[in-house]
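Data block below; observations after.
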Amino acid sequence: MLQQTPVNRVLPVWHTWLDRWPTPPALAAEPAGEAVRMWGRLGYPRRALRLHQAAVTITEEHRGSIPDDLEQLLRLPGVGTYTARAVAAFAFRQRHAVIDVNVRRFVGRAINGRDDQRTAVSRQDLELVESLLPQDAESAARASAAFMELGALVCVARAPRCVACPVRQECAWQRAGSPAVEGPGRRAQSYAGTDRQVRGLLLAVLRESRVPVRQDILDSVWDKPVQRDRALRGLLDDGLVVAVAPGVYALPGE
DNA sequence: AACCCGTGGGG
DNA sequence: TCCCCAAGGGT
């Protein structure tokens with residue numbers, strides 16, 4: 001849920017979710033569509049599908065218990081470099097470098113002295129962050145949590161609160177005079193009018209309906225037929241929507 | 001590697 | 001208003 005989504009928005013959904021599905025087998029026992037529905041408006045609903053798939057895998061291949069091994073975590077759908085390491089470090093208290101957007105920014109500034117716009121995590125990145133961790137695994141996990149908090153609350157993207165930063169005196173970015181972002185920066189992908197928006201509108205209708213929805217209802221959410229059909233086809237391809245009859249759609253039943 | 005995938009809050 | 005940004009992953 002936290003992937004690309006602010007913590008404050010995740011919290012209420014997370015509580016409701018765990019109240020209903022406290023264990024992977026509990027989630028796996030329900031249709032994937034229920035996961036998509038419970039996901040609500042968190043965004044990127046494919047994550048709900050993958051989380052459900054991960055619950056099925058955990059139930060069938062790991063006796064219902066989340067694996068504590070990095071390699072096995074990485075094999076779960078929807079679990080990538082960040083999530084696997086976060087689970088191994090924070091849930092299982094193992095010593096692993098954890099790099100999310102906050103750690104990336106904090107280390108980029110404090111160590112490298114520049115705003116790092118990259119999102120991909122390289123071996124070098126992992127080695128650098130690992131070199132910052134205490135040797136003791138428990139202390140390392142606490143340090144990783146501290147890096148993330150520092151990046152999320154103090155060393156923020158827009159207007160960093162350097163006056164409140166505990167490592168201000170040792171910060172390479174401070175020393176360099178807080179240089180602005182280098183390069184062209186990432187292009188913010190516009191959202192209004194994109195397929196993503198249309199997909200969101202279509203899925204919202206299906207999420208809020210307890211019964212299958214007819215084509216003409218879906219058609220009413222977007223007035224460009226070509227784009228609308230493309231968006232629906234995409235949702236079908238992703239498995240977020242299924243056709244229960246010709247021209248009748250619903251969230252996936254199993 | 002570049003691009004796709006939602007949504008909402010804050011500046 | 002518009003733009004930026006958010007505990008990324010898959011292809």
Side-chain angles (χ1 to χ4, degrees), chain A residues 1-14 36-54 57 73-91 96-108 115-122 125-126 129 141 143-161 180-181 183-208 221-222 227 230-241:
Chain A
M1 289 177 181
L2 291 165
Q3 293 167 359
Q4 291 287 286
T5 306
V7 177
N8 288 336
R9 197 181 318 158
V10 164
L11 277 175
V13 181
W14 179 71
V36 174
R37 181 171 282 113
M38 282 294 278
W39 200 255
R41 304 189 63 79
L42 276 183
Y44 292 142
R46 293 194 290 195
R47 296 180 296 170
L49 218 46
R50 295 189 186 123
L51 184 52
H52 181 269
Q53 291 164 354
T57 301
L73 284 166
L74 277 171
R75 288 192 205 115
L76 298 173
V79 176
T81 305
Y82 161 72
T83 304
R85 287 167 172 275
V87 170
F90 300 136
H96 298 292
V98 181
I99 304 181
D100 72 336
V101 65
N102 300 300
V103 177
R104 162 78 74 191
R105 184 175 51 248
F106 167 60
V107 171
D115 262 319
D116 196 337
Q117 295 300 296
R118 294 176 304 140
T119 55
V121 172
S122 69
D125 297 328
L126 291 170
V129 173
S144 290
F147 295 161
M148 291 176 65
E149 289 296 298
L150 198 50
L153 302 178
V154 177
C155 196
V156 295
R158 205 74 70 90
R161 305 173 50 211
V181 190
R186 36 172 128 101
R187 316 194 59 70
Q189 190 193 4
S190 56
Y191 178 68
T194 62
D195 287 7
R196 299 165 77 174
Q197 183 184 17
V198 183
R199 286 168 57 109
L201 292 170
L202 292 171
L203 201 59
V205 173
L206 293 166
R207 214 171 37 225
E208 277 132 45
V221 306
W222 199 253
Q227 187 180 28
R230 185 172 63 234
L232 179 56
R233 200 158 49 244
L235 290 171
L236 290 164
D237 287 344
D238 289 344
L240 282 164
V241 176

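Numbered from 1 within each chain, the chains take letters A, B, ... in sequence-line order.
The side chain of A:Asp195 lies closest to B:dC5, out of C:dG10, B:dC5, C:dG8. Of the candidates B:dG8, C:dG9, C:dA6, C:dA6 carries the atom nearest the A:Ala157 side chain, counting heavy atoms from C-beta on. When distances are taken from the side chain of A:Tyr191 to each of B:dT7, C:dA7, B:dC5, the shortest belongs to B:dT7.
At the heavy-atom level, A:Ala86 lies nowhere under 4.0 Å from the strands shown. When heavy atoms are screened at a 4.0 angstrom cut-off, A:Arg105 is found touching the sugar-phosphate backbone but no base atom. Among the heavy atoms of the strands lying under 4.0 Å from A:Arg46 is at least one base atom, whether or not backbone atoms are also near. Residue-level contact check: A:Leu42 touches the bases, meaning some heavy atom is under 4.0 Å from a base atom. Note on A:Val103: nothing from the nucleic acid sits closer than 4.0 angstrom, heavy atoms only. Among the protein residues, A:Gly43 comes within range of the nucleic acid bases, having at least one heavy atom under 4.0 Å from a base atom.
Taking only side-chain nitrogens and oxygens, A:Gln4 comes nearer than 4.0 Å to OP1 or OP2 of C:dG8. Between A:Thr5 and the phosphate of B:dT7, there is no side-chain N or O to OP1/OP2 separation shorter than 4.0 Å. Side-chain N/O atoms of A:Arg196 include none lying less than 4.0 angstrom from OP1 or OP2 on B:dC4.
In the model, A:Arg47 has a side-chain atom that pairs as donor or acceptor with a side-chain atom of A:Thr5 under 3.5 Å.
For A:Asp238 and C:dG9, the CG to C1' distance is 13 Å, given to the nearest whole Å.
When each of A:Leu76 and A:Leu2 is assigned the nucleotide of DNA chain C with its nearest heavy atom, A:Leu2 is the one assigned upstream, toward the 5' end.
A:Gln4 contributes no side-chain N or O that, together with a main-chain N or O of A:Gly43, makes up a donor-acceptor pair within less than 3.5 Å.
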Could you list the protein-to-nucleotides 9-11 of chain B atom pairs, N/O on both sides, closer than 3.5 Å?
none

